[in-house]
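Down below is the structure, laid out as structure tokens.
Please read these numbers as outputs of a predicted model, since none were measured by experiment. Letters A, B, ... are given to chains in the order of the sequence lines, protein chains preceding strands, and every chain is numbered from 1.
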There are 2 protein chains.
Amino acid sequence: MTQKKPTLVSLAESIGVSRQTVSNVLNAPQRVKPATRERVLKAVQESGYRPSAAARQLRTRRSMDLGLRLTPVTDGINGAVQDRFLHALTEAAQDAGYRLTLYSARDDEEEIRHIDELLHVADLDGFVLTGTHAGDPRTAWLQEHAVPFAAFGRPWSRTEDPFESAHPWVDIDGAAGTESATGFLLEQGHRRIGFLGWRPDEGLGDDRRAGWHRAMEAAGIGGSLTELSAATDDDVAAGASAVDGLLARGVTALVCASDSLALGAFAQLRAVLPPEEEPAVVGFDDTPVAAAVGLSSVAPPVADAARRIIAVLSHVLAGRPAGEGPQRHQVLRPSLVVRKPYALGRTVPRRQGG
Amino acid sequence: MTQKKPTLVSLAESIGVSRQTVSNVLNAPQRVKPATRERVLKAVQESGYRPSAAARQLRTRRSMDLGLRLTPVTDGINGAVQDRFLHALTEAAQDAGYRLTLYSARDDEEEIRHIDELLHVADLDGFVLTGTHAGDPRTAWLQEHAVPFAAFGRPWSRTEDPFESAHPWVDIDGAAGTESATGFLLEQGHRRIGFLGWRPDEGLGDDRRAGWHRAMEAAGIGGSLTELSAATDDDVAAGASAVDGLLARGVTALVCASDSLALGAFAQLRAVLPPEEEPAVVGFDDTPVAAAVGLSSVAPPVADAARRIIAVLSHVLAGRPAGEGPQRHQVLRPSLVVRKPYALGRTVPRRQGG
DNA sequence: CACCACAGTATGAACGTTCAAATGGGGTGT
DNA sequence: ACACCCCATTTGAACGTTCATACTGTGGTG
């Protein structure tokens with residue numbers, strides 16, 4: 001019953017043409033006379049012929065396979081971002097005809113070793129980099145070795161214009177995110193809006209802080225903005241313990257660099273503020289935690305980013321000129337998801353009515 | 001500078017042996033005389049030779065590549081389990097010399113089509129199945145086509161003994177998890193402990209309910225256990241709205257089938273119970289949400305499961321007999337993570353002292 | 001009518017590896 | 001001395017594609 005797997009040769013013989021003709025029908029149909037093309041296509045359908053990726057790869061040195069590093073989930077909360085990104089990337093790659101291979105590495109150097117390995121043994125066509133940072137050794141290495149790649153995250157650098165960078169990248173506009181979060185709080189009448197973020201990093205964190213800063217200045221609340229800003233570790237406890245100091249400086253609302261911080265801050269505010277005051281806190285990343293708990297949060301369009309990364313990378317891999325096709329450097333605007341605190345105790349009314 | 005990539009032939013010529021000898025040094029060292037082996041190994045090191053996966057695959061029909069379906073994250077909270085599993089699986093596969101290829105599918109049938117495709121086109125060696133359920137068409141298809149695979153999740157079936165199943169699987173003992181959660185609540189003096197779970201599914205959900213049931217009966221609290229049990233959708237809101245009915249039946253503590261349910265239930269209890277009563281709720285899956293919010297939860301050893309799945313699958317793929325090597329069917333005990341509610345408002349004292 | 005251009009198709013070679021079988025040198029036993 | 005065997009190594013062939021080139025027939029052109 002189970003036929004032996006058909007090959008180009010066996011299939012060609014069965015319909016009386018040469019293997020190259022069958023190959024042409026699949027790879028360069030315009031070269032083949034319509035009549036023969038039909039005949040071959042029919043045979044392909046009926047036999048269920050599928051070209052062997054290994055043989056093709058051996059000959060062409062292309063694998064139609066992309067690599068992605070799976071970073072260790074340091075913070076369980078923000079790890080969810082990676083999850084959404086990965087899923088969208090898988091689908092987009094699949095739709096574009098690429099397969100996706102995962103590898104795991106502890107640091108950039110180990111990642112480079114893995115890339116090198118995958119490049120040599122498996123002929124991977126390209127890579128998707130995440131978590132780019134200032135002085136990233138990976139981008140340098142990849143460029144030096146002329147390996148196609150696209151990054152999720154702009155090349156953070158003080159000296160060079162990211163829009164001049166040689167490699168394609170897609171990033172989220174963190175500043176625009178915190179800016180609109182701040183705008184939202186301003187609309188609600190808050191004036192002394194604090195920012196709770198990470199220590200200066202010349203990257204993601206500073207970007208998010210910058211958006212808040214910009215919005216505050218635009219609203220005419222310049223002056224001593226630094227005293228409204230706090231920098232800590234990225235976890236719930238740190239978020240909670242940073243609140244007291246900010247409150248002492250008259251802060252009435254908070255924009256946070258992450259949902260972890262926002263959650264901690266919210267809980268602490270809840271405990272410290274008088275019951276009638278609803279804490280005004282906005283997080284960042286729109287993680288499941290924020291959704292579950294009813295916390296407003298800036299939602300980065302990670303799925304969209306993943307699709308665009310695949311689009312620009314497959315454009316490069318197809319050998320098309322950088323001039324046409326998708327933009328090589330893209331900054332995507334996040335949206336603000338406004339929620340009413342839900343699972344945090346007080347908002348569920350103690351007793352609805354009589 | 002950049003040499004052309006060395007091959008078996010070029011390398012063999014450079015040291016004056018045949019290509020097969022070099023191949024043997026790498027694949028069957030015992031066949032080669034120690035002296036030559038040394039000489040070849042040295043040349044391999046110096047040249048940085050790496051065998052071509054494509055050529056090897058073309059000849060051997062083995063790709064050293066495993067497939068895994070990335071399921072759409074339906075519930076953001078429990079999706080984190082997938083994240084941890086995936087990471088551990090990637091590392092384990094990597095350590096075992098396998099690569100991991102992802103694909104995405106909306107349902108079982110689409111997954112089967114993808115598996116079929118990957119099998120023919122890319123010669124994948126095996127697959128890891130997740131989310132097995134009663135009457136799973138995937139296991140049937142894979143067995144019928146003699147495709148090696150291992151499942152995360154036992155084959156849920158009323159008619160057949162899972163420990164007799166032909167394919168290897170690793171699963172978490174959900175019943176043991178809820179049982180120990182119930183035991184923990186019993187120790188704290190609770191008697192009427194409720195169970196908040198999903199609608200009957202003859203699988204995961206029933207298993208978790210069964211553990212609670214078992215523990216209650218063992219504690220002599222038999223009788224009308226069904227009235228202490230509720231079944232709803234798996235989300236925070238559903239968890240919250242199920243609470244009132246259970247309270248009416250005298251429930252003082254809750255074991256839940258998921259962290260989503262637990263979070264909803266906890267928030268609702270917080271709102272309904274008198275302030276001095278700390279809600280006693282245990283979730284399941286030990287998700288980041290539970291950690292962030294300070295909710296006790298049953299922690300499934302997913303990373304361990306991933307490693308064991310790779311272990312048993314690579315054992316099968318190496319063609320070793322089922323008798324020796326890792327157990328083909330493994331049930332792993334979860335642990336209970338006990339936390340003090342943290343970010344849920346009231347537990348952070350309103351005002352510490354004076 | 002010989003010649004050329006060209007579309008359509010076919011053939012030889014190569015990609016780099018492993019399997020199967022062949023070869024070459026020691027021993028060892030009679 | 002000869003047959004024999006065993007170990008270490010080599011050689012031929014094959015896996016299924018695509019590239020480069022060669023062939024074939026048809027129609028147009030001088």
Let's see if you can work this out: which of [options] has an atom nearest to the side-chain heavy atoms of [X]?
| X | options | answer |
| --- | --- | --- |
| A:Arg56 | D:dT9, D:dT18, D:dG16 | D:dT18 |
| A:Lys33 | D:dA8, C:dG8, D:dG12 | C:dG8 |
| B:Ser18 | C:dT9, D:dT17, D:dT10 | D:dT10 |
| B:Arg59 | C:dG16, C:dT9, D:dT17 | C:dG16 |
| A:Asn24 | D:dT17, C:dT9, D:dC15 | C:dT9 |
| B:Arg61 | D:dG16, C:dC15, D:dT18 | D:dG16 |

**OP:** Tell whether A:Gln20 reaches the base of D:dC19 with its side chain through a donor-acceptor pair below 3.5 angstrom.
**Re:**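 Result: at least one qualifying N/O pair found.
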Original post:
Does any donor-acceptor pair link the side chain of B:Arg31 with the base of D:dT9 at a separation under 3.5 Å?
Top reply: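 No, no donor-acceptor pair under 3.5 Å.
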Using a cut-off of strictly less than 4.0 Å, decide whether [X] has a side-chain nitrogen or oxygen near OP1 or OP2 of [N].
| X | N | value |
| --- | --- | --- |
| B:Thr21 | D:dT10 | yes |
| B:Ser23 | C:dT17 | no |
| A:Arg62 | D:dT18 | no |
| A:Thr36 | C:dG8 | no |

Could you give the [atom1]-to-[atom2] distance, from [X] to [N], as a whole number of Å?
| X | N | atom1 | atom2 | answer |
| --- | --- | --- | --- | --- |
| A:Met64 | D:dT17 | CE | C1' | 15 Å |
| B:Tyr49 | C:dG16 | OH | P | 10 Å |
| B:Asp123 | C:dT17 | CG | C1' | 14 Å |
| B:Arg37 | D:dC7 | CZ | P | 14 Å |
| B:Gln57 | C:dT17 | CD | P | 14 Å |
| B:Lys5 | C:dA14 | NZ | C1' | 15 Å |
| A:Gln30 | C:dC6 | CD | P | 17 Å |
| A:Asn27 | C:dT9 | CG | P | 16 Å |

**OP:** Compute the ring centroids of B:Phe149 and B:Trp169, then answer whether they are less than 6.0 Å apart.
**Re:**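 For B:Phe149 and B:Trp169, the ring centres are not under 6.0 Å apart.
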**OP:** Please check if the distance between the ring centroids of B:Trp156 and B:His133 is under 6.0 Å.
**Re:**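 No, the ring of B:Trp156 stays outside the 6.0 Å limit from the ring of B:His133, centre to centre.
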**OP:** With heavy atoms under 4.0 Å as the rule, sort B:Arg19 into base, sugar-phosphate or nothing.
**Re:**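 Contact class for B:Arg19: base.
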**OP:** Could you tell me whether A:Thr60 contacts a base, only the sugar-phosphate backbone, or nothing, with contacts defined as non-hydrogen atoms closer than 4.0 Å?
**Re:**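 Result for A:Thr60 = sugar-phosphate.
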**OP:** Just do the salt bridge (charged side-chain N to carboxylate O under 4.0 Å, His left out) check on A:Arg99 and B:Asp65 with the steps written out, would you?
**Re:** CA-CA 12 Å; A:Arg99 298 199 350 260; B:Asp65 201 348; 3.1 Å; yes
Original post:
So which one's nearest nucleotide on DNA chain D is more toward 5', B:Leu58 or B:Val32?
Top reply: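 It is B:Val32, whose closest nucleotide lies nearer the 5' terminus.
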Original post:
When you check the gap from the basic side-chain N to the acidic O, do B:Lys5 and A:Asp123 get nearer than 4.0 Å?
Top reply: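 Result for this pair is yes, salt bridge flagged.
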Original post:
What is the distance from atom OG1 of A:Thr139 to atom NE2 of A:His167, rounded to the nearest 0.5 Å?
Top reply: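 Going from OG1 on A:Thr139 over to NE2 on A:His167, the span is 6.0 Å.
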**OP:** Would you check, one step at a time, whether the test salt bridge (charged side-chain N to carboxylate O under 4.0 Å, His left out) holds for A:Arg50 with B:Asp116?
**Re:** CA-CA 11 Å; A:Arg50 306 260 208 3; B:Asp116 186 45; 3.0 Å; yes
